[in-house]
Amino acid sequence: MYVAKTKKSCHLAVLSVMVLALMHASLVQCQLAGKLVQNPCSGKDKCHTCIQTQSCAWCMQPNFEGRSRCFQHTSPDVCPEQFVWNPDTSEQILINKNLTLAGESQAYGSAGGFGGGGAAGGGGQYISGGSSYHQSSSSSSSSSSASSYGSQYSGWSASSGEIVQIKPQSVNLKLRINQVHNLKVSYTQAEGYPVDLYYLMDLSKSMEDDKEKLSALGDKLSETMKSITSNFRLGFGSFVDKVLMPYVSTIPKKLEHPCDNCKAPYGYRNHMPLNNNTESFSNEVKDAAVSGNLDAPEGGFDAIMQAIACRQQVGWREQARRLLVFSTDAGFHYAGDGKLGGVIAPNDGECHLDLQGMYTHSVIQDYPSISQINQKVKENAINIIFAVTNSQYTVYEKLAAHVQGSSAAILSNDSSNVVDLVQKEYNKISSSVEMKDNATGDVKITYFSSCLTNGPEIQTSKCDNLTVGKQVSFTAQIQVLKCPEDPRDWNQVIQIYPVGINESMVIKLEMLCSCPCEHPGSIGYEEHSPHCNNYGTYMCGICDCGEHHFGNTCECSVSDMNSTINNDASCRADNTTNVDCSGRGNCVCGFCECFKRPNPEEVITGKFCECENFSCERNKNQLCSGPDHGTCDCGRCVCKPGWTGSSCACQASNDTCIPPGGGELCSGHGTCECGVCKCTANDQGRYSGRHCEKCPTCSGRCQELKDCVQCQMYHTGVLKNVDDCARNCTAFTPVGVEKVTIDEHKDEQMCTFFDEDDCKFMFKYSEQGELVVHAQEEKECPPKVFMLGIVLGVIAAIVLVGLAILLLWKLLTTIHDRREFARFEKESMNAKWNAGENPIYKQATSTFKNPMYAGK
Ligand SMILES: *[C@@H]1O[C@H](CO)[C@@H](O)[C@H](O)[C@H]1NC(C)=O
Ligand SMILES: *[C@@H]1O[C@H](CO)[C@@H](O)[C@H](O)[C@H]1NC(C)=O
Ligand SMILES: *[C@@H]1O[C@H](CO)[C@@H](O)[C@H](O)[C@H]1NC(C)=O
Ligand SMILES: *[C@@H]1O[C@H](CO)[C@@H](O)[C@H](O)[C@H]1NC(C)=O
Ligand SMILES: *[C@@H]1O[C@H](CO)[C@@H](O)[C@H](O)[C@H]1NC(C)=O
Ligand SMILES: *[C@@H]1O[C@H](CO)[C@@H](O)[C@H](O)[C@H]1NC(C)=O
Ligand SMILES: *[C@@H]1O[C@H](CO)[C@@H](O)[C@H](O)[C@H]1NC(C)=O
Ligand SMILES: *[C@@H]1O[C@H](CO)[C@@H](O)[C@H](O)[C@H]1NC(C)=O
Ligand SMILES: *[C@@H]1O[C@H](CO)[C@@H](O)[C@H](O)[C@H]1NC(C)=O
Ligand SMILES: *[C@@H]1O[C@H](CO)[C@@H](O)[C@H](O)[C@H]1NC(C)=O
Ligand SMILES: *[C@@H]1O[C@H](CO)[C@@H](O)[C@H](O)[C@H]1NC(C)=O
């Protein structure tokens, strides 16, 4: 690990920043490798914590001084191979029986005993060293339980034993923490796989017609199923409800005959255990009497629980697809409803049937809960088909979502479609396979499969549209997330199984959480070892010193030390970390012994090994730009005189920034950084050039020179006072020219201004060494205009026109008056004056009377 490589030293630098964040916050900047990756192995000082870290290996070489024993196994030559403990994930297939191909199972059906066949089938596949776990346990338990079923069924149970639908069957797996292991699981649907179908029927009064129909269809049902698999068994049970108020009427007369042609109510009854004598099914159904109850929901959950729990009485076979058809037209009671009838004892999930197949604990125990049902269904790999009437479908559909492997379907209200329904649901169930497992939280299993397509595998645990003989493969990705606290949990048995099939792949998983060298009896394990000053236990190459001693060889004693000094704490910069010596040294009696590096040029120093002299900033791959420029001290370059910068790459003197002709640093338009001008920008433009001497878009010195040109050339402007002009304008004397023109090659600047008289004046300047100004001799002024004349003229014109109009008006009215007067004179001479009243005269006042006014 400690190779002189920049990337490795980067890891250490990052670690040290983390460790000493408070003291050396800006200590090391690591941009060299681009990636900031911490070495996960450093700081792991015990073998088991080391191998619980991914890609780390432990070195148990004695005398492995000065280096971390936990190292990345990819680093070469850290530790001699015989001392490395780096357990690897391993897989060992213990039982790998071939899948039963189409047609094979029938042949086995008549072949007889399971035990013998199983041994023969599995025989060739054992891998040496593997135990025969699966074989022995399955064969013994199956034969014992098979015999307890009673002679009538034992033949079937035995014959079906040889069908193999999942492969491999047993695997030994050793897994490192966080390592992902892929395991291939194959599944096929065998032809003629045994099917057990138990018909569980609600026999309340409303189901009477259904019962008749079912009894009529019984033969058809069994024929249809036998066409699917010859190995078919049928059973029948019925239920009503708990015989208690308020579920059923407890009036004595009603108890006997709750309704016309009704029998007494009951909880659940197993009428016909599963058997191959399917002809008797119809009779059993016909003979079962209907009963009556009060409330709408029925006690179906009690019946489901008994039908599943009573494996023996109902006669479920071990190797068979188990279907439970639950047919009803009403809702269901569930856990807690029992309180209405005063039943408070919770359901215990056990079988309680008497010899007649009657449920004995109906009024003693409450209904089971949905999760109890689900649990039982899972344990027993049963597929429930809820065949319910249309009105109840939505309820049971939701229920089916909570019970593994179950489904809901609509039953016509007289059960006439029951055969179709069962066949359809069976096909649905058998044509899909879903993988499940019982792994606990510390182990994660994810499934991938391409199912029947040829495409890439996608994450799924379910494949659809399987037919008999088609084989699908799943890849189970197994990962141990962390070591469980309890060492007993480091070995686990995990089952991977297809839902609804009582076959599984058993994984015996060993989590690689500990090192064998840590256990008594292994090589090198020695209590009170002389390696450890007779105080500690020598294991895995290190000393485990117990409570009273510490140090690499237990050479430090707690009593020697100041009691206030805690060994661990004295090797850590502060309490924000729990890594001793910044992970780059060993804590020895409270002091850090920093690791040595293979390259003697590289040393780790500091009280907490927080410093080193090989991870400073680099320039051109030279630490601190090479030994001539600076040296590396605790992650920071210390520059030699004449050099500056974070990597000592910069010259300290500013000489290179001064223009060749002399003058200001960077022509006054920039700063000198690292021997190079950094030019400034202003609102007119950006200076450029090696010494910031150029600025094509800047206005230059025009504004500055303007006033002096103006006063010296034209004696105008702010400095037109002769004294001011002489005093302020000493830098140059403008040379008068007739016309100012710019010579492109001479780096001349043209300036144009307008003065207060609106006259344009132009001048140019050049700064080749000395400032030379050429100015136009004459200003260009706009021609003068006599404004007053224009104004007076306009006013006079307006007055004259007004007078003329007045005169004209006066003339016209005079003429008019004269004429009128002449006419009047003439008329007055002709007419005699009439002294009467003027006929057109009207008095100024008029009087009106309100007719409605009473006049009070
Ligand atoms: C399993 O199948 C393979 C090839 O299909 C065959 O070579 C092998 O003999 C079979 N093993 C058993 C035990 O039948
Ligand atoms: C039912 O099983 C018995 C053996 O348990 C067998 O003798 C009988 O032939 C089977 N009946 C049918 C119809 O398959
Ligand atoms: C599943 O089969 C095994 C034998 O292969 C048997 O021991 C076990 O009881 C069966 N499980 C169920 C739920 O039938
Ligand atoms: C059966 O359903 C039909 C409609 O789907 C309905 O008219 C009839 O009454 C139902 N019969 C019973 C017995 O519920
Ligand atoms: C299964 O087959 C049906 C009809 O053949 C098709 O519609 C459906 O998409 C298939 N499902 C999958 C998952 O391939
Ligand atoms: C998984 O199931 C198997 C068989 O039932 C059992 O032996 C094992 O302990 C279970 N594993 C876990 C983690 O529960
Ligand atoms: C114990 O502590 C004292 C002062 O606190 C110090 O001078 C002395 O060196 C310490 N001894 C050891 C063994 O660290
Ligand atoms: C660390 O030490 C400081 C004072 O020295 C204390 O306030 C703080 O609680 C400590 N933190 C932890 C995590 O122990
Ligand atoms: C690191 O320090 C050691 C000892 O002080 C010195 O010999 C070595 O040259 C230094 N290395 C560098 C790269 O400065
Ligand atoms: C060089 O110039 C920079 C700014 O441009 C200034 O900060 C620095 O002090 C100068 N160095 C010397 C040696 O004059
Ligand atoms: C001219 O120079 C004097 C002092 O030398 C200064 O006070 C005055 O502001 C200057 N005038 C202009 C217009 O720059």
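- Annotation for Tyr497 and Ser504: closest pair CB-CB, 3.8 Å, computed over non-hydrogen atoms.
- Asn231 and Arg317 share a side-chain donor-acceptor pair at under 3.5 Å.
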Between Cys47 and Cys517, does a disulfide (SG to SG under 2.5 Å) hold up when you go through it step by step?
CA-CA 8 Å; Cys47 183; Cys517 60; 4.0 Å; no

Going through the distances and angles, do Gln479 and Asn178 end up as a side-chain contact (heavy atoms from CB on, under 4.5 Å)?
CA-CA 6 Å; Gln479 190 181 11; Asn178 283 321; 4.0 Å; yes

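- Side chain of Asn380 to main chain of Ile382: no donor-acceptor pair is present (N/O by atom type, distance under 3.5 Å, no hydrogens or angles).
- In this structure, CD in Glu510 is found 11.0 Å from CD in Gln92, a value given to the nearest 0.5 Å.
- Shortest non-hydrogen contact noted between Val185 and Ala476 is CG2-CB, 4.4 Å.
- Between Tyr396 and Phe332, the distance separating the two ring centers is shorter than 6.0 angstrom.
- Applying the salt bridge (Lys or Arg N to Asp or Glu O under 4.0 Å) test to every pair with at least one member in residues 440-453, sequence neighbours left out, gives these pairs: Asp442-Lys482.
- One N or O on the side chain of Ser522 and one on the backbone of His519 form a donor-acceptor pair closer than 3.5 Å.
- Taking 4.5 Å as the limit, every side-chain heavy atom of Tyr187 sits out of range of all side-chain heavy atoms of Leu99.
- Residues Ser514 and His48 come closest through the heavy atom pair CA-CB, 3.9 Å.
- At a threshold of 4.5 Å between non-hydrogen side-chain atoms, the residues Ile478 and Ile494 do not count as touching.
- The main-chain N or O of Gln165 is found under 3.5 Å from a side-chain atom of Glu503 such that the two form a donor-acceptor pair.
- When side chains are defined from C-beta on, Val472 counts as touching Leu466, because their heavy atoms get closer than 4.5 Å.
- Between Ile370 and Leu399 the shortest side-chain heavy-atom distance falls below 4.5 Å.
- Of the possible donor and acceptor atoms, none in the side chain of Arg322 sits under 3.5 Å from a partner among the backbone N and O of Asn502.
- In the model, Thr475 has a side-chain atom that pairs as donor or acceptor with a side-chain atom of Lys184 under 3.5 Å.
- With contacts defined as side-chain heavy-atom distances shorter than 4.5 Å, the pair Tyr198/Leu323 does not qualify.
- Side chains of Glu425 and Ser407: a donor-acceptor N/O pair is present below 3.5 angstrom, by distance only.
- Taking 4.5 Å as the limit, some side-chain heavy atom of Ile542 sits within range of a side-chain heavy atom of Trp58.
- Listed for the Gln372 side chain is a donor-acceptor partner under 3.5 Å among the backbone atoms of Ser369.
- Between the Trp316 side chain and the Ala307 main chain, a donor and an acceptor come within less than 3.5 Å of each other.
- Less than 6.0 angstrom separates the ring centroid of Phe326 from the ring centroid of Phe386.
- Contact check for Lys378 versus Gln404: side-chain heavy atoms found under the 4.5 Å cut-off.
- Using cut-offs of 30° and 60° for the angle between ring planes, the Tyr334 and Phe301 rings count as tilted.
- The side chain to side chain donor-acceptor pair (under 3.5 Å) search around Ser432 returns none, not counting sequence neighbours.
- Gln179 and Thr89 share a side-chain donor-acceptor pair at under 3.5 Å.
- When atom types are taken as modelled, the side chain of Glu518 and the backbone of Cys540 share no donor-acceptor pair closer than 3.5 angstrom.
- Ser406 places no side-chain N or O within 3.5 Å of a backbone atom of Ile384 that could act as its donor or acceptor partner.
- Between Leu274 and Gly235 the shortest heavy-atom distance is CD2-N, 3.4 Å.
- Across the pair Cys463 and Cys451, the gap between the SG atoms, which is the quantity tested here, stays under 2.5 Å.
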Could you walk me through whether Cys56 and Cys50 pass the disulfide (SG to SG under 2.5 Å) check?
CA-CA 6 Å; Cys56 295; Cys50 180; 5.0 Å; no

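- Heavy atoms from other residues, nucleotides or ligands lying under 6.0 Å from NZ of Lys376 number more than 12.
- Taking 4.5 Å as the limit, some side-chain heavy atom of Tyr193 sits within range of a side-chain heavy atom of Ile501.
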